[in-house]
Asker: 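Take this structure, written in structure tokens, and hold onto it; I'll ask about it next.
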Amino acid sequence: MNPRTALITGASSGIGAAFADVFAAEGFDLVITARREDRLRALAASLVERYRCRVHVVVADLSAVDASARLFDNLASNGIVIDALVNNAGYGVPGPYRASEWTRHAASLQVMVVAVAELTYRLLPGMIERGYGRIINVASLAALVPAPAGHTLYAASKAFVVKFSEALAGEVRSAGVHVTALCPGFTLSEFHDVTGTRATVSELPGWLWMDAPSVARQGFDAVMRGTPIHVTGAVNRSIALLARWVPQPILVAIGRRTAGRYRKS
């Protein structure tokens with residue numbers, strides 16, 4: 001029996017690279033995609049050496065409107081069948097909503113909403129036909145708590161990912177396809193360097209943080225169990241639980257106080 005193959009977006013660093021490592025360790029071949037070819041090639045070489053798996057590298061910028069279609073065509077032309085999809089690519093646009101050009105917001109929505117939905121749409125029929133599929137959509141704890149000022153579209157995009165995954169999980173489970181929205185909190189990765197918030201979030205206490213390999217392992221285990229929504233770590237699960245039961249005005253007030261400290265304004 002040939003190994004199954006997992007496609008991981010945003011695989012050049014952080015949680016995406018950690019997912020590549022977990023899936024390879026579990027016997028999957030890989031397709032890894034991101035914008036930085038040098039990072040992808042280095043990761044591919046490391047994975048092949050350590051796990052003797054096959055790794056197909058596709059350099060792609062998912063903010064391009066036709067990127068998902070071109071990625072799908074690349075897979076088809078190379079005869080690659082995808083059994084697991086990790087929609088991990090994403091980033092935040094910090095600062096007041098009107099401080100950035102609309103094109104910048106549109107690009108983030110293309111990556112974090114449209115590409116997630118489109119890649120899933122294109123790969124799902126094959127999974128259903130074969131009676132096996134695993135889809136992990138990387139959301140965020142931010143989707144489950146009141147959204148503070150700054151990163152206006154980030155929490156909204158991640159809330160979409162959670163609801164999309166939750167509904168789809170119920171729709172396709174009987175076909176042998178598991179869908180999980182993974183909701184990490186603060187994770188040690190390059191995310192905050194990209195958004196320019198590294199200096200501010202570094203002031204947060206260490207117990208709020210998780211490392212990317214732990215997040216990826218929990219995501220893998222959750223989708224294999226068929227868990228529709230998984231919040232990583234006991235601290236994050238406690239925060240998510242509090243967000244359901246603490247009165248909304250109190251949570252909003254807390255969000256307002258912390259937003260100015262941990263977001264660019």
Side-chain angles (χ1 to χ4, degrees), residues 6-26 28 30-34 62 82-92 108 111-113 115-120 123-124 127 133-145 147 151 154-173 177-192 194 208-241 243-244:
L7 165 62
I8 301 167
T9 71
S12 59
S13 65
I15 295 174
F19 264 120
D21 193 272
V22 169
F23 273 91
E26 293 289 340
F28 283 73
L30 298 171
V31 176
I32 55 175
T33 183
L62 292 178
I82 298 299
D83 303 288
L85 168 64
V86 181
N87 282 309
N88 167 74
Y91 59 93
S108 74
V111 173
M112 297 185 18
V113 174
V116 171
E118 184 175 352
L119 283 175
T120 301
L123 295 172
L124 187 60
M127 294 179 181
R134 299 292 184 266
I135 300 172
I136 301 172
N137 295 321
V138 179
S140 171
L141 179 63
L144 306 176
V145 301
H151 286 298
Y154 183 79
S157 298
K158 295 305 188 180
F160 165 85
V161 170
V162 169
K163 289 303 181 182
F164 168 68
S165 303
E166 186 178 33
L168 187 62
E171 183 178 320
V172 299
R173 185 179 179 88
V177 180
H178 295 176
V179 183
T180 295
L182 182 65
C183 299
F186 289 104
T187 305
L188 297 169
S189 69
E190 294 182 356
F191 176 87
H192 297 288
V194 174
L208 275 176
W209 294 85
M210 290 185 64
D211 61 86
S214 297
V215 169
R217 168 49 65 180
Q218 287 194 25
F220 180 91
D221 292 344
V223 79
M224 290 302 172
R225 291 193 305 267
T227 304
I229 302 173
H230 180 77
V231 181
T232 62
V235 171
N236 293 325
R237 286 192 287 273
S238 297
I239 293 171
L241 185 62
R244 294 179 58 186

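Count residues from 1 along the sequence.
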Asker: Nearest 0.5 Å, please: how far is CG in N137 from NZ in K158?
Answerer: 9.0 Å
Asker: When rounded to the nearest 0.5 angstrom, what is the spacing between CG in N88 and OG1 in T33?
Answerer: 11.0 Å
Asker: Working to the nearest 0.5 angstrom, can you tell me the gap between R225 CZ and H230 NE2?
Answerer: 6.0 Å
Asker: Quick one: closest heavy-atom pair of A17 and S12, and the distance?
Answerer: CB-C, 4.4 Å
Asker: Is there a donor-acceptor contact under 3.5 Å from the side chain of T232 to the main chain of V215?
Answerer: no
Asker: Can you see which heavy atom on M112 is nearest to which on S157, and at what distance?
Answerer: CE-CB, 3.6 Å
Asker: Between L168 and L124, is any pair of side-chain heavy atoms under 4.5 Å apart?
Answerer: yes
Asker: Does the side chain to side chain contact (heavy atoms under 4.5 Å, CB included) test come out yes or no for L182 and F19, once each step is laid out?
Answerer: CA-CA 12 Å; L182 182 65; F19 264 120; 3.7 Å; yes
Asker: To the nearest 0.5 Å, what is the distance between CD1 (I239) and CG (L144)?
Answerer: 10.5 Å
Asker: For the residue pair M127 and V172, establish whether any side-chain heavy-atom pair is separated by less than 4.5 Å.
Answerer: no
Asker: Heavy atoms, side chains only, cut-off 4.5 Å: are H178 and M224 in contact?
Answerer: no
Asker: Does some side-chain heavy atom of V179 sit less than 4.5 Å from a side-chain heavy atom of T120?
Answerer: no
Asker: With rounding to the nearest 0.5 angstrom, report the CD to OG1 distance, Q218 to T180.
Answerer: 12.0 Å
Asker: Taking all non-hydrogen atoms of both residues into account, name the closest pair between F164 and A117 and its distance.
Answerer: CZ-CA, 4.1 Å
Asker: May I ask you to test the C183-I229 pair for a side-chain heavy-atom distance under 4.5 Å?
Answerer: yes
Asker: Taking all atoms of both residues into account, what is the closest heavy-atom pair of A139 and P184, and its distance?
Answerer: O-CD, 3.6 Å
Asker: Apply ring pair (Phe, Tyr, Trp, His ring centres under 6.0 Å) to F23 and list each qualifying residue two or more places apart in sequence or on a separate chain.
Answerer: F28, F220
Asker: CD1/I15 to CD1/I8 distance, rounded to the nearest 0.5 angstrom?
Answerer: 12.0 Å
Asker: In this structure, which one of I136, V22, I32, L7 forms a side-chain contact (heavy atoms from CB on, under 4.5 Å) with V86?
Answerer: I136
Asker: Please give me the minimum heavy-atom distance between G10 and A89, naming the atom from each residue.
Answerer: N-CB, 3.8 Å
Asker: Just so I know, are the side chains of E171 and V177 near enough to count as touching, which here means a heavy-atom distance under 4.5 Å?
Answerer: no
Asker: What pair of heavy atoms forms the shortest contact from A11 to A34, and how long is it?
Answerer: N-CB, 3.9 Å
Asker: Residues two or more places apart in sequence or in another chain: which of them pass salt bridge (Lys or Arg N to Asp or Glu O under 4.0 Å) with E166?
Answerer: K163
